[in-house]
Number of protein chains: 4
Amino acid sequence: MQKIAFVGLGHMGNPMADNLLKAGFEVKIYDVVAAAMQPLMDRGAIATKSIAEVVKEADFFITMLQTGTQVSDVCLGTNGLFAHAKKSSLYIDCSSIEVSISRSLHQEAENCGINMVDAPVSGGVAGAANGTLTFMVGGHEKNFIACRSLLEKMGKKIIHAGAPGSGQAAKICNNLILGISMIAVCEGFNLGKKLGLDPQKFFEISSNASGQCWSMTSYCPVPGLVENTPSNNNFQPGFMTKMMLKDLRLAQEAAKNVAANIPLGAEAAELFSLFATQGNSEVDFSGIIKMLEGNG
Amino acid sequence: MQKIAFVGLGHMGNPMADNLLKAGFEVKIYDVVAAAMQPLMDRGAIATKSIAEVVKEADFFITMLQTGTQVSDVCLGTNGLFAHAKKSSLYIDCSSIEVSISRSLHQEAENCGINMVDAPVSGGVAGAANGTLTFMVGGHEKNFIACRSLLEKMGKKIIHAGAPGSGQAAKICNNLILGISMIAVCEGFNLGKKLGLDPQKFFEISSNASGQCWSMTSYCPVPGLVENTPSNNNFQPGFMTKMMLKDLRLAQEAAKNVAANIPLGAEAAELFSLFATQGNSEVDFSGIIKMLEGNG
Amino acid sequence: MQKIAFVGLGHMGNPMADNLLKAGFEVKIYDVVAAAMQPLMDRGAIATKSIAEVVKEADFFITMLQTGTQVSDVCLGTNGLFAHAKKSSLYIDCSSIEVSISRSLHQEAENCGINMVDAPVSGGVAGAANGTLTFMVGGHEKNFIACRSLLEKMGKKIIHAGAPGSGQAAKICNNLILGISMIAVCEGFNLGKKLGLDPQKFFEISSNASGQCWSMTSYCPVPGLVENTPSNNNFQPGFMTKMMLKDLRLAQEAAKNVAANIPLGAEAAELFSLFATQGNSEVDFSGIIKMLEGNG
Amino acid sequence: MQKIAFVGLGHMGNPMADNLLKAGFEVKIYDVVAAAMQPLMDRGAIATKSIAEVVKEADFFITMLQTGTQVSDVCLGTNGLFAHAKKSSLYIDCSSIEVSISRSLHQEAENCGINMVDAPVSGGVAGAANGTLTFMVGGHEKNFIACRSLLEKMGKKIIHAGAPGSGQAAKICNNLILGISMIAVCEGFNLGKKLGLDPQKFFEISSNASGQCWSMTSYCPVPGLVENTPSNNNFQPGFMTKMMLKDLRLAQEAAKNVAANIPLGAEAAELFSLFATQGNSEVDFSGIIKMLEGNG
């Protein structure tokens, strides 16, 4: 049985590691917050006390952290994962981080004789718990193939996005479109309502016309039109505004580095930032309709 | 057989009136540009020399004009349609105009004992020629029912959007979402490409994920990914940038009147305006991807 | 002594007409709200009951209204000012309205043998009360000269901006810059503060550098840096957000008509609109700093 | 005589170091591009071959580099400036870099027993050549006092902005306002011109009214209104668009870190980015008026 190391056991990492345990893997775990490891220890995970200890015998090692700086800190340096991992082991970074940092880490991994994929996810905490995450994987095809069956224990759709860093790139480009189109849908429904349009009627029209988008037909910010959306539950819990803002900031960082123009992406980021600073950073991102309505 | 009057025989009005002739109606026509009437006269339409003459015996009278001011000018005053139309005739305004002006006209029509619907279309010149337009109809239900079979001669989907003015409202709210989401898709693909993502691969990922929208899956601005899009034909002919800009300006006008916030809609309008002033007003609106790429 | 008619006696019109009375003119007044005329009647103004009555003997007639539609309604038609004014009388429109409507009115006035200037003001209610308004005057030079001494009774700076409509154009272009630069100053101070900069120190630096602007040095949105600003008085009373929003909407209307690009103007309008819909439409426009700070 | 080390001898560093030579200092220099050192060697500077060599005897050492990463690379590590500098020497970083990186460097310097100020400049290549730069200095007051007379050899205004990092903060907040207000002025003049306003007349009005700002009165983007502006010289050379874009990106980075909202700053950055990608990255930033006019 393959040995797995898992670093970063927060809201996402915890249920993901749990799914690996359920699948029968030996899972060693590490988190700077020791308490975060307790629930998994109760389910059979082996807690460790250092980066060096968690990774030293692993065939696969996984990180699920918040920022590119955190991932770099954990991977690099004399106390880092790369310095203590086995040659030819495979590193899977599930964090959502800067494309540029991810590419640097791929290069460092190669220098250390370690295989790597970047594999950010979508699907949120619920997807992590249910094992229905989507993984967007960047890296050489052989590495993608080597980790696919492992990722299938934690997710439902495992997609090879391309060369190293492409998983990160695909995720931020998708979420760039998502963030903008969600605000577009909010603007359309809000304007329509103020003009006297029945939201249900407008939904019927636009969802069958050129305004159709996932933000409308799968995640409608107006309650009562689509089942199981955060808008039906007072915008709780869902995909938090601060997480959408994080992804849009990553898109801006990437756009800056490659001189790409994202004018609406920049403005969408500012609108989510404004919404967040008004006390809504943990509200579902579709809740921004409240700000547009003047009820934010 | 019901008698029809048709005013405004431009790129849209001409094929629409032609479809009514094909359906066997008696169609009287009027246009301030006399030459615009010639092609329809050859197909059996009866040209007239004044508003009064075109409308006086009509059961239905239709306008297809460019601006709200034009429609008002043609309808109102002692030489206008309303002054010369039969009582209880039905007026169908197919123009895309300000919601506020449309509602004023509904009121005036009622004062004159004339029934009215606002019925702006989507589908463009091709839809007009093929009789596949979508009509978004605003007005009392009895009026909607009364004109439906007539509209079916010119279109495929005839939708009742609600009370007077709702056809205009539904169209601009839909196109508000469309205009924003098209730029969103352009930003996503352009950023992705500069980050080294294969457009085909990104399309596969995002069209099955939360970035999906009609602008991507039915009208993709990147050539080679979706069949029969303007992007495959060098952004010709399609839905011209100036027409999208017109609809976004109508959305702004409406938003101003009802104090609705449309921040991305306002910025999208400015971006299409910038693209238009750089010589692209008659290019398909998805061509704005060229401006974002730096090739505008 | 010259006879003056004054139509529109709201917050601005009232003190303006009062200054004309103080200067010794015979002033006839009219307002659709009869009660609005009372304070001036007490000071010697002659109240009238119709447009026809107020204007019929006037050498100069002045309007101070809210919207272009109101001004058109008051001027045109068989009951309008132009139909009842003396030939060669001079019409001064002090309202802030659409350039396009103003130009139409100039044309109509000329057709009626009436001289006209557009003369929107800046300076607010306080300027109206103190007779320190600035008048930006559009119209033929002879008309400008003919009304200058009259305007000097109500204002301090009387500027000839150019041909008919130029007063309106100059005002909206100036206020376009003002609206944007005010938000710029708010963004700069708010960012600086969060970065630990002392606002006083930043003011000293930037007001002597390339960030200097009237919004900073004469109307600073941060309290305590410049005397006699609304920010020192909890953003009361000042230039209300809804008035700034009105001017930015006029700029958008004008920009649409002449195909000018005003991307930051459009976004500034949306930001003031957002601030207004959050309950701040009567707060001074510099109060938008509270929204940026997250305290809106 | 105090000994000075100067690292980074590009367009700015070269004339700055030259002014120190003229003032009689012993100046050792280092640049990774050896050829960049030649002009200064001809004027008496002592070229060195490594970071260690250039700094080891210096009382003051100065960097003038492009990016925060470059500055970090030069300062830190076993081959870095901090490892080889004398205890109690004073480090002056004149580069414009991220506030966050600058603050980290201040901390590292303190750890190494080195004094530091951040001292970014404004004034451009001409200011560097003429010794008329403005220095915005962040750091403890004793360090500010210790370096002031040295900076006066290269500049005219030496301002203490506050605690460590405050020089960077003051510069980006000022330039945030500058970048936005320049576009505001361009929008105002462009709209005015299209509305038929004489630019000279509008300048007279607005420069004496609430639209006044440095971008208008000292650096007007319309030629012929203010002397010695880049607009009078076909937008050459001036403050290049790419440099303004760099500063706005630094503002965005800072705003992200401290959760500040800069909606117009974000949009201004996108507009300069669009202008840059259309082939204008080395054009003066006021040249963006050409893009707004449709001639970009």
Side-chain angles (χ1 to χ4, degrees), chain C residues 99 122 134 136 157 159 161-163 165-166 169-170 172-178 180-181 183-185 187-192 194-198 201-202 204-206 208-216 218-219 251 254-255 258-265 267-268 271 291-294, chain D residues 99 122 134 136 157 159 161-163 165-166 169-170 172-178 180-181 183-185 187-192 194-198 201-202 204-206 208-216 218-219 251 254-255 258-265 267-268 271 291-294:
Chain C
V99 175
S122 71
T134 294
M136 285 161 270
K157 280 165 73 175
I159 306 166
S166 295
I172 63 169
C173 289
N174 181 77
N175 283 14
L176 170 66
I177 297 172
L178 171 62
I180 300 170
S181 63
I183 298 177
V185 171
E187 293 186 11
F189 273 91
N190 183 41
L191 176 58
K194 293 201 169 192
L195 290 171
L197 276 181
D198 174 45
K201 179 54 79 176
F202 179 61
E204 284 171 34
I205 293 173
S206 198
N208 288 296
S210 54
Q212 185 277 332
C213 54
W214 185 92
S215 294
M216 180 191 289
S218 296
Y219 208 91
V258 297
N261 295 303
I262 52 166
L264 293 191
E267 207 55 36
L271 291 165
M291 185 174 83
L292 293 174
E293 290 169 343
Chain D
V99 175
S122 70
T134 293
M136 284 160 272
K157 281 166 70 174
I159 306 165
S166 295
I172 63 168
C173 290
N174 181 76
N175 282 13
L176 170 64
I177 298 172
L178 170 62
I180 299 170
S181 63
I183 297 178
V185 171
E187 292 187 9
F189 273 92
N190 183 40
L191 176 57
K194 292 202 170 192
L195 290 171
L197 277 181
D198 175 45
K201 178 56 76 175
F202 180 61
E204 284 171 34
I205 294 172
S206 198
N208 288 298
S210 54
Q212 185 278 332
C213 54
W214 185 93
S215 294
M216 180 192 289
S218 295
Y219 208 91
V258 297
N261 295 302
I262 52 166
L264 293 191
E267 206 56 37
L271 290 166
M291 186 172 83
L292 294 175
E293 292 170 341

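Convention: sequence-line order gives letters A, B, ...; per-chain numbering from 1. All figures in this text were calculated on a predicted structure; none of them were measured in a lab.
- In terms of heavy-atom pairs under 4.5 angstrom with chain C, the leader among D/A209, D/G162, D/G192, D/A268 is D/A209.
- Taking all atoms of both residues into account, the shortest heavy-atom contact from D/I205 to C/A170 is CD1-CB, 4.0 Å.
- Only the side chain of D/I159 comes within less than 4.5 Å of a heavy atom in chain C; its backbone stays farther off.
- Using a 4.5 Å cut-off between heavy atoms, D/S218 does not touch chain C at all.
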Show the numbers, then the answer: is there a side chain to side chain contact (heavy atoms under 4.5 Å, CB included) between D/I172 and C/L195?
-> CA-CA 11 Å; D/I172 63 168; C/L195 290 171; 4.1 Å; yes

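- When every heavy atom of D/A260 is checked against every heavy atom of C/K194, the shortest pair comes out as CB-CD, 3.9 Å.
- At a 4.5 Å heavy-atom cutoff, the contact between C/S210 and chain D is made by backbone and side-chain atoms alike.
- Across all non-hydrogen atoms, the minimal contact from D/L178 to D/S215 is CD1-OG, 3.5 Å.
- Proximity to chain C (any heavy atom under 4.5 Å) is restricted, for D/L176, to the side chain, taken from C-beta onward.
- Both the backbone and the side chain of C/A255 come within less than 4.5 Å of a heavy atom in chain D.
- Annotation for C/C213 and C/S181: closest pair SG-CB, 4.2 Å, computed over non-hydrogen atoms.
- Closest approach of C/S206 to D/I177, counting heavy atoms only: OG-CD1, 4.3 Å.
- Checked by atom type and distance alone, the side chain of C/E267 never pairs as donor or acceptor with a backbone atom of D/E267 at under 3.5 Å.
- Heavy atoms closer than 4.5 Å to chain C are found in both the backbone and the side chain of D/A161.
- Taking each heavy atom of D/L191 and C/A254 in turn, the nearest pair found is CD1-C, 4.1 Å.
- Interface remark: of the candidates C/N174, C/V99, C/T134, C/N174 forms the most heavy-atom pairs closer than 4.5 Å to chain D.
- In terms of heavy-atom pairs under 4.5 Å with chain C, the best-connected choice from D/M216, D/K157, D/Q212 is D/Q212.
- Proximity to chain D (any heavy atom under 4.5 Å) is restricted, for C/L271, to the side chain, taken from C-beta onward.
- Between D/F189 and D/F202, the two ring planes are perpendicular [angle over 60°; tilted spans 30° to 60°].
- Using a 4.5 Å cut-off between heavy atoms, D/K201 contacts chain C through its side chain alone, with no backbone atom that close.
- Using a 4.5 Å cut-off between heavy atoms, D/L197 contacts chain C through its side chain alone, with no backbone atom that close.
- Proximity to chain C involves both the backbone and the side chain of D/N208, based on heavy atoms less than 4.5 angstrom apart.
- For chain C, the nearby parts of D/S166 are the backbone and the side chain; heavy atoms of each come within less than 4.5 Å.
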